[in-house]
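Just so you know, these numbers use all the heavy atoms, side chains as well, and skip hydrogens, waters and symmetry mates. Note that ligands are numbered from 1 as they come in the structure, with each ligand's atoms numbered from 1 the same way. Because the structure is predicted, anything quoted here is derived from the model rather than measured.
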Amino acid sequence: MRIGMVGTGYVGLVSGTCLAEFGTEVICVDKEQSKIDKLLSGEMPIYEPGLDILVAKQIQANRLSFTTEIADAVKGSDAVFIAVGTPPRRIIGDADMQYVYTAAREIAKNLEGYTVIVTKSTVPVGTAREIERIIREENPKADFDIVSNPEFLREGAAINDFMRPDRVVIGAETDRAKEIMREIYRPLYINETPIVMVSLETSELIKYASNAFLATKITFINEIADICEKTGANVQDVAKGMGIDNRIGSKFLHAGPGYGGSCFPKDTLALAQIGEKNNAPQTIVEQVIKVNASRQRKMAQKIINAFDGNIRGKKIGILGIAFKPNTDDVRDAPSLTIIPILQEAGAIISAYDPEAKKQAELQFENLEWKENPYEVAKDSDALVIITEWNEFRALNLKRIKEIMNGNIIIDLRNIYKLPEMKELNFHYISVGREEILPNQSDKIKKAS
Ligand code: UDX
């Protein structure tokens with residue numbers, strides 16, 4: 001068994017490396033020579049825990065190789081995966097398919113013998129059939145089948161998600177293609193991982209529907225958090241009480257500053273577009289997109305409100321810039337919306353993120369980057385937690401209190417316990433939970 005992986009972005013690199021770990025020979029191809037050179041020298045283009053070690057192991061074992069020549073990855077391979085980007089197009093928001101279709105044409109020219117062409121990138125419903133048409137047009141004699149095999153990898157947990165998935169979704173319509181896919185995922189088959197064999201269109205839709213559902217779940221609990229704040233209920237307890245019901249489940253019910261990242265914003269937009277194109281409007285998803293965008297702005301307002309509406313000249317320390325922990329990805333991160341609003345209102349911002357500085361530096365103006373959470377806290381009027389990195393959960397809060405100028409902590413991820421913050425006498429504002437006000441004696445102490 002030999003696999004060609006076209007595209008060494010997030011999905012391609014993780015999938016290719018993990019397939020090699022399954023024992024298959026994998027050849028990854030990317031147009032950018034510099035990217036390939038870096039990979040070969042052990043430098044990862046993305047931050048993903050454990051990926052560098054796995055890539056090195058598979059190169060060493062001669063199962064994983066990299067090339068810029070698509071022919072090397074296609075000729076003689078049993079399956080060729082398309083894992084190139086499908087970024088949202090400006091204005092309309094639907095997926096830009098040019099990289100996928102270009103890859104399909106190039107693959108077509110190099111096909112030799114029976115080959116399964118697999119779409120791994122998240123692609124609109126109907127793409128697999130369009131790729132089939134393109135390949136036939138480009139190479140009428142080609143012997144191939146099209147398969148849809150969407151990824152469900154979470155950044156920061158991608159290797160585990162690939163090796164121990166909840167399910168593998170395969171859209172395939174011939175026995176030959178199904179057989180090759182079963183062979184590729186044999187180690188998971190042995191583990192009794194559910195393999196969902198469906199039609200091409202169904203497989204493509206499962207991916208969008210799953211991501212849109214999760215985005216909806218998050219947005220739902222975020223709006224419930226708003227009710228909690230107004231009524232004195234506690235959103236974490238509400239989520240717990242709901243999540244115990246097996247039909248609901250406890251995951252993706254963490255209220256926060258709104259979802260971000262490379263998938264949910266893009267996939268919800270694309271699904272709304274697919275609905276519109278097919279005259280099957282996705283009004284719930286359309287609303288989720290709107291509510292999430294306004295939520296991020298609302299979080300900036302929450303911070304401004306902590307200063308009674310006037311944040312001019314205040315020093316705000318930000319902990320966490322990445323859209324979630326264990327990644328350096330800042331795509332559509334809530335921080336990108338929140339920080340500029342605070343700056344516009346006259347706040348002075350310093351920030352720390354364990355991994356995202358390099359990716360984020362160019363996105364912000366006048367932002368002072370610090371090397372650790374304590375540097376951020378020093379002399380700040382308020383500390384704002386935007387991303388729940390583990391290291392922020394174990395801060396020495398007594399020390400933080402001493403070195404801050406003010407005593408406000410705004411925790412947009414609910415990582416601290418209310419009694420703890422009460423005990424330390426912080427002015428503690430979180431999401432969907434009681435606001436803790438410092439007692440008067442402390443204020444007097446600070447003022448004197
Ligand atoms: C997601 C999907 O989980 C994955 O299956 C898909 O293939 C790609 O998109 P990812 O974007 O890496 O993965 O991150 P995920 O852990 O799903 O979080 C997405 C966003 O939702 C983050 O901004 C996160 O902070 C937010 N989130 C998640 C919440 O605000 N609350 C939650 O309860 C869960």
Side-chain angles (χ1 to χ4, degrees), residues 9-12 14-15 18 46-49 51 83 85-86 88 95 119-123 149-162 164-169 203-204 206-225 235-236 238-240 242-243 248-271 288-289 291-293 295-296 298-299 320-338 353 355-356 385-389 392 411-415 430-432:
Y10 197 85
V11 173
V14 171
S15 306
C18 291
I46 48 165
Y47 171 77
E48 180 64 33
L51 186 62
T86 54
T119 56
K120 197 85 184 136
S121 310
T122 302
V123 289
N149 173 219
E151 52 83 18
F152 298 94
L153 309 175
R154 282 167 304 165
E155 291 185 21
I159 292 171
N160 189 61
D161 284 350
F162 198 98
R164 278 170 285 274
D166 288 338
R167 80 313 205 175
V168 174
V169 174
S203 166
E204 289 168 340
I206 286 173
K207 173 62 197 266
Y208 280 114
S210 301
N211 274 359
F213 188 83
L214 292 172
T216 304
K217 208 172 170 190
I218 296 167
T219 308
F220 181 87
I221 201 69
N222 283 343
E223 285 203 316
I224 294 292
V235 76
Q236 283 179 315
V238 172
K240 197 172 170 195
M242 288 168 66
I248 298 173
S250 60
K251 304 230 171 94
F252 280 70
L253 281 180
H254 300 289
Y259 62 78
S262 63
C263 288
F264 287 173
K266 168 173 84 66
D267 293 350
T268 44
L269 270 177
L271 185 62
V288 164
I289 295 166
V291 172
N292 193 64
R295 177 139 197 107
Q296 299 191 352
K298 213 168 165 177
M299 291 300 117
I321 297 286
F323 83 95
K324 67 172 200 171
N326 297 324
T327 178
D328 62 354
D329 200 335
V330 295
R331 281 178 283 179
D332 276 310
S335 61
L336 297 186
T337 303
I338 296 170
D353 187 286
E355 293 296 336
I385 297 150
I386 302 189
T387 318
E388 70 278 33
W389 284 93
F392 303 155
D411 176 2
L412 300 181
R413 299 287 183 173
N414 290 346
I415 63 175
S430 52
V431 176

Within 6.0 Å of CZ in Phe152, more than 12 heavy atoms from elsewhere: yes
Minimum-distance protein heavy atom relative to atom 3 (O) of ligand 1: Arg154 CG, 3.2 Å
Ligand 1-proximal atoms of Thr122, by part, heavy-atom distance under 4.0 Å: neither
Heavy atoms from other residues, nucleotides or ligands near NZ of Lys217 exceed 12 (cutoff 6.0 Å): yes
Test item, Ser262 contacting ligand 1 (heavy atom, 4.0 angstrom): no
Options Gly256, Cys263, Ala157, Ser210, ranked by nearest heavy atom to atom 9 (O) of ligand 1, top entry: Cys263
Of the listed options His254, Lys266, Arg331, Arg295, closest to atom 31 (N) of ligand 1 (non-hydrogen atoms): His254
Glu155 side chain to Ser262 side chain, donor-acceptor N/O pair below 3.5 angstrom: yes
Interfacing atoms of ligand 1 (cut-off 4.0 Å, heavy-atom, Lys207): 7 (O)
Atom 34 (C) of ligand 1 - nearest protein heavy atom and its distance: Phe252 CD2, 3.4 Å
Set of salt bridge (charged side-chain N to carboxylate O under 4.0 Å, His left out) partners for Glu388, sequence neighbours left out: Arg413
Residue list, side chain to side chain contact (heavy atoms under 4.5 Å, CB included) with Leu269, at least two apart or on another chain: Ile289
Distance-minimising heavy-atom pair for Asn414 and Gln236: O-NE2, 3.4 Å
Closest protein heavy atom to atom 4 (C) of ligand 1, given as residue, atom name and distance to 0.1 Å: Leu153 O, 3.6 Å
Nearest option to atom 24 (C) of ligand 1, as decided by whichever heavy atom of Arg413, Glu151, Glu388 sits closest: Arg413
Protein residue, atom and distance nearest to atom 22 (C) of ligand 1, heavy-atom basis: Phe323 CD1, 3.6 Å
Nearest-0.5 Å distance, CE of residue Met299 to OG1 of residue Thr337: 11.5 Å
Close approach, Lys217 and ligand 1, non-hydrogen under 4.0 angstrom: no
Contact check: Ile218 vs ligand 1, nitrogen or oxygen atoms, below 3.5 angstrom: no
Approximate separation, where rounding is to 0.5 Å, of Met242 CE and Ile221 CD1: 5.0 Å
Atom 12 (O) of ligand 1: the protein heavy-atom neighbour that sits closest, reported with distance to 0.1 Å: Glu155 N, 2.6 Å
Aromatic plane relationship, Tyr259 with Phe264 - under 30° parallel, 30 to 60° tilted, over 60° perpendicular: perpendicular
Residue and atom name of the nearest protein heavy atom (relative to atom 23 (O) of ligand 1), distance in Å to one decimal: Gly260 N, 2.9 Å
Shortest non-hydrogen separation from Pro334 to Ile386 and the atoms involved: CB-CG2, 4.3 Å
CD1-CG distance between Ile321 and Leu336, expressed to the nearest 0.5 angstrom: 8.0 Å
Nearest non-hydrogen protein atom, atom 18 (O) of ligand 1: Lys324 CD, 4.0 Å
Side chain, backbone, both or neither: the part of Asn211 lying under 4.0 Å from ligand 1 by heavy atom: side chain
Ligand 1 atoms in contact with Leu253 (distance to a heavy atom under 4.0 Å): 33 (O)
Atom 1 (C) of ligand 1 [closest protein heavy-atom partner, distance rounded to 0.1 Å]: Phe264 CE2, 3.6 Å
